[in-house]
S.K.: 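To start, I am sharing the structure in question, which I have written as structure tokens.
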Amino acid sequence: MDFLSNTTHFHLFSWIVGVLLFLVAAVMANGTKGQKITHMIARLFYVLILLSGIMLFVKGMDFGQGALYGIKFLFGFLTVGLMEMVLVRSNKGKSVSTLWILFFVALFVTMFLGFKLPMGIDWFA
Ligand code: HEM
């Protein structure tokens, strides 16, 4: 599976599509067939985000930045969890304002750490 973890392209593709599908599902009317389908496809991408993230994580263990990789893993996982929680809770008619804020904070931290860590794009070395 080297071709998937040699570059960060697979991970970038997975989270960009996953986050976009999540946002599309979130603005669609609750309970509609279109929203359900979009949510299902988004979930497939959550799995791809996790898989590609874990593959990079294993590889990242060779770079001697252990702690930062651990934090990236946690925040990445948290971001995916919050996306799922926003959709599930808003479908139940519960308030999701706090979850939205937490999602954007988690997304920002995850992207910052991703672009800081040494693989792929390295904006904040
Ligand atoms: C929606 C959730 C996620 C977002 C927005 C995200 C974002 C990013 C970004 C922007 C990068 C940098 C890519 C590059 O430099 O080319 C990256 C790399 C990485 N991500 Fe994620 N990620 C997410 C989820 C995860 C998860 C769940 C994991 C772990 C299971 C993970 C582990 C990693 C690792 C290990 C790297 C490589 C870091 C490096 O050395 O550059 N990510 N991610």
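A quick note: this is a predicted structure, and the numbers were derived from the prediction, not measured. Read the numbers this way: they start at 1 and go in the same order the structure lists the ligands and their atoms.
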S.K.: Which atoms of ligand 1 have any heavy atom of Phe57 under 4.0 Å away?
M.R.: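 Listed by number with element: 35 (C).
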S.K.: Check this for me: Met61, atom CE, are more than 12 non-hydrogen atoms of other residues, nucleotides or ligands nearer than 6.0 Å?
M.R.: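 Above 12, so yes.
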S.K.: What atoms of ligand 1 come within less than 4.0 Å of a heavy atom belonging to Leu107?
M.R.: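 Here the atoms of ligand 1 in question are 5 (C).
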S.K.: Would you call Phe45 and Phe22 a side-chain contact if the rule is heavy atoms closer than 4.5 Å?
M.R.: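 Of all side-chain heavy-atom pairs linking Phe22 with Phe45, none is under 4.5 Å.
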S.K.: At under 4.0 Å between heavy atoms, which part of Tyr69 makes contact with ligand 1: side chain, backbone, both or neither?
M.R.: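 The answer is the side chain of Tyr69.
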S.K.: Tell me whether Gly60 reaches ligand 1 (any heavy atom closer than 4.0 angstrom to a ligand atom).
M.R.: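 Distance cut 4.0 Å: Gly60 fails for ligand 1.
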S.K.: Please check: side-chain N/O of Asn30 versus main-chain N/O of Ser90, any donor-acceptor pairing under 3.5 Å?
M.R.: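 A pair under 3.5 Å: yes.
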S.K.: At their closest point, which heavy atom of Phe10 faces which heavy atom of Ser52, and how far apart are they?
M.R.: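 Closest approach of Phe10 to Ser52: CD2-CB, 3.5 Å.
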S.K.: With heavy atoms of Phe77 as the reference, note each atom of ligand 1 found under 4.0 Å away.
M.R.: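 That gives atoms 27 (C) of ligand 1.
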S.K.: For atom 21 (Fe) of ligand 1, which protein N/O/S atoms fall under 2.8 Å? Skip waters.
M.R.: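 Protein N/O/S atoms under 2.8 Å of atom 21 (Fe) of ligand 1: His11 NE2, Lys72 NZ.
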S.K.: What residue and heavy atom of the protein are closest to atom 41 (O) of ligand 1, and at what distance?
M.R.: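 It is Met119 O, 2.8 Å.
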S.K.: Pairs in or reaching into residues 43-60: which pass salt bridge (charged side-chain N to carboxylate O under 4.0 Å, His left out), with residues at least two apart or in two chains?
M.R.: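 For residues 43-60, and leaving out neighbouring residues, the salt bridge (charged side-chain N to carboxylate O under 4.0 Å, His left out) pairs sorted by first residue read Arg43-Glu84.
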S.K.: Heavy-atom count around Phe75 CZ within 6.0 Å, excluding the residue itself: above 12?
M.R.: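 Check fails, neighbour count at 12 or below.
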S.K.: Using a 6.0 Å cut-off, check whether atom CZ of Phe108 has over 12 heavy atoms from anything other than its own residue.
M.R.: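 No, because the 6.0 Å sphere around CZ of Phe108 holds 12 heavy atoms or fewer from other groups.
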S.K.: Are Phe112 and Leu68 linked, directly or through other ILVMFWY residues, by side chains that come within less than 4.5 angstrom of each other?
M.R.: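 In one cluster with Phe112: Leu68, yes.
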S.K.: What atoms of ligand 1 come closer than 4.0 angstrom to any heavy atom of Leu12?
M.R.: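 Those qualifying, in numeric order: 13 (C), 16 (O).
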S.K.: I need the contact type for Ile54 against ligand 1. Using non-hydrogen atoms and a strict under-4.0 Å cut-off, is it side chain, backbone, both or neither?
M.R.: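 For Ile54, backbone and side-chain atoms both sit under 4.0 Å from ligand 1.
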S.K.: Hey, is CZ on Phe57 packed in by over 12 heavy atoms from elsewhere, all under 6.0 Å?
M.R.: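 Result for CZ/Phe57: enclosed.
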S.K.: Among Val80, Leu82, Leu74, which residue satisfies the side chain to side chain contact (heavy atoms under 4.5 Å, CB included) criterion with Leu78?
M.R.: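 It is Leu82, the one option of Val80, Leu82, Leu74 that forms the side chain to side chain contact (heavy atoms under 4.5 Å, CB included) with Leu78.
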